[in-house]
Amino acid sequence: MTHNTPVNMDAAKPGFNALNVAVYRASTVVFDTTAAFMARRSQLFDGFSYGLYGTPTTRALETTVARIEGGTRAMLLPSGLAAVTHPTLALLTPGDQVLVADCVYGPTREHCAAMLRRLGIRVDFFAPDAADIRPLMDERTRLVILESPGSYSLEIQDIAALCEQAHAGGALVMADNTWGFGCTNLFTHGVDMVSTALSKYAGGHSDVCMGSVTVRDESLFRKLKASFAALGTGVSSDDAYLIQRGISTLDVRLSEHARRGIAVSRWMRQQPGITAVLNPADPSDIGYARFQRFFTRGNGLVSFVPQRQDLPALAAMIDGFAHFRIGASWGGTESLVALADLSAARSVRARAAGAFVVRLHVGLEPFDALIEDLRLGLQRLRNFPVEDSPTPTAIAGLAKS
Ligand SMILES: *Cc1c(COP(=O)(O)O)cnc(C)c1O
């Protein structure tokens with residue numbers, strides 16, 4: 001057999017042992033007997049009955065994800081967003097209350113504020129660095145949604161305290177662990193459900209969308225899995241294979257992104273024209289003490305609040321970058337930059353002193369070239385003519401904090 005001979009990737013073939021998990025593509029799964037076919041629903045949790053509900057490839061990835069998150073059971077969903085929205089639909093009923101961290105991923109916020117409220121579910125937001133949610137809780141509180149560190153602004157909640165308070169009031173806790181995937185075991189701090197966008201560092205190459213929900217409780221697993229199946233949600237084995245392959249280098253990539261993230265935030269703090277640098281893994285960060293309690297390492301995300309808040313100057317900085325490409329969904333090998341106006345995305349309080357936050361994803365390109373790119377960009381920002389700028393965006397609410 002030559003190196004380019006097509007091979008049957010089925011690892012079950014006698015005499016053929018591939019190192020990697022095989023990609024089993026299936027809608028139809030066939031049964032040996034009528035009795036087995038009629039009893040196929042019993043296969044939902046551990047066996048196989050239909051491609052949508054699981055294949056050996058997706059089950060292998062679920063096992064890997066559950067191990068990394070520190071849980072016992074993981075379920076795959078087509079996106080990180082679905083991994084947050086599906087549990088809310090599975091668990092909440094009209095009249096329930098859900099408490100949501102004010103710093104959650106934008107579309108999560110949108111889902112809670114629009115869809116859940118339309119379904120008659122009460123939604124209240126709490127501070128991004130909260131340590132006490134008891135004043136917001138009552139007998140209707142069923143679910144608390146954490147995201148720590150928060151999207152763009154990277155605040156850290158007191159995860160352990162909030163879990164204890166939620167449980168004392170009879171509520172479950174779901175945490176979006178996209179930032180912390182591979183850097184923490186949130187179950188040891190009390191979290192019941194861990195939702196993660198595998199599209200980020202797990203996939204690691206900006207080419208696949210997937211999410212996971214991981215739990216430790218078997219009855220919660222069964223409830224969620226049955227609901228996801230009823231909603232018709234599943235993933236393809238091809239995509240699962242890509243995530244599995246990405247995870248094989250997760251550890252070394254994350255460590256390198258984290259090392260670079262801290263180097264960039266340290267460098268950034270020395271530069272003029274910057275109000276705040278946000279990276280909880282940097283010992284100078286306001287959230288560092290909590291970071292140390294809950295996480296073992298950081299990653300390549302570094303946000304900063306520029307003193308200049310006028311959009312044309314910010315655009316001059318960002319549009320001129322050579323390496324930091326403009327885009328969302330970080331976690332790949334490339335450096336990215338994203339601009340967010342947090343004044344519209346927060347209702348409780350924001351720690352950032354300005355509306356516009358610039359988020360960098362520090363990639364794996366030659367490091368000196370990235371620093372030079374940032375140095376020139378900050379120069380463009382500082383030197384942009386002030387008289388050409390319109391009035392700075394109104395910073396409703398933020399300016400007061
Ligand atoms: C990217 C992201 C998501 C959504 O993931 P998708 O796979 O793009 O849907 C959810 N939560 C957080 C914190 C994210 O950063």
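One-based numbering, in listed order, for ligands and for the atoms of each.
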Ranked by distance from atom 11 (N) of ligand 1, the top protein heavy atom is Asp176 OD2, 2.6 Å
| message | Among all protein heavy atoms in this structure, tell me which lies nearest to atom 13 (C) of ligand 1, with the distance rounded to 0.1 Å. | response |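 Heavy-atom neighbour on the protein nearest atom 13 (C) of ligand 1: Glu147 OE2, 3.2 Å.
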**Message:** Quick test of your reading of the model: are Asp251 and Arg297 salt-bridged, counting only N-O distances below 4.0 Å?
**Reply:**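 A salt bridge links Asp251 with Arg297.
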- Query: Going by distance alone, is a donor N or O of one side chain under 3.5 Å from an acceptor N or O of the other, for Ser335 and Glu365?
  - Reply: yes
Among Tyr152, Phe295, Trp330, whose ring pair (Phe, Tyr, Trp, His ring centres under 6.0 Å) with Trp179 holds?
->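 Testing each of Tyr152, Phe295, Trp330 against Trp179, the sole residue satisfying ring pair (Phe, Tyr, Trp, His ring centres under 6.0 Å) is Phe295.
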Out of all atoms in ligand 1, which are within 4.0 Å of some heavy atom of [X]? Include the element for each.
X	result
Gly80	4 (C), 5 (O), 6 (P), 7 (O), 9 (O)
Thr178	11 (N), 12 (C), 13 (C), 14 (C), 15 (O)
Lys200	1 (C), 2 (C), 3 (C), 14 (C), 15 (O)
Ala197	2 (C), 3 (C), 4 (C), 5 (O)

inquiry  = Run the side-chain hydrogen bond (donor to acceptor under 3.5 Å, both in side chains) test on Arg266 and Ser284 for me, step by step, so that the C-alpha distance in whole Å, both residues' side-chain angles and the decisive distance to 0.1 Å come before the verdict.
reply    = CA-CA 8 Å; Arg266 285 211 174 119; Ser284 309; 5.7 Å; no
Relative to ligand 1, is [X] under 4.0 angstrom through side chain, backbone, both or neither, heavy atoms considered?
X	result
Leu81	both
Ser79	both
Trp330	side chain

Whether Phe31 and Phe37 hold their rings parallel, tilted or perpendicular, with breakpoints at 30° and 60° |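 The arrangement is perpendicular - the two ring planes meet at more than 60°.
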Does Arg73 form a salt bridge (Lys or Arg N to Asp or Glu O under 4.0 Å) with Glu218? I'd like the steps, not just the answer. CA-CA 8 Å; Arg73 292 281 209 169; Glu218 185 68 15; 2.9 Å; yes
Does any N or O atom in Ser199 lie less than 3.5 angstrom from one in ligand 1, N or O only? yes
- Message: If you count heavy atoms of other groups shown closer than 6.0 angstrom to CG of Asp32, is the number above 12?
- Response: no
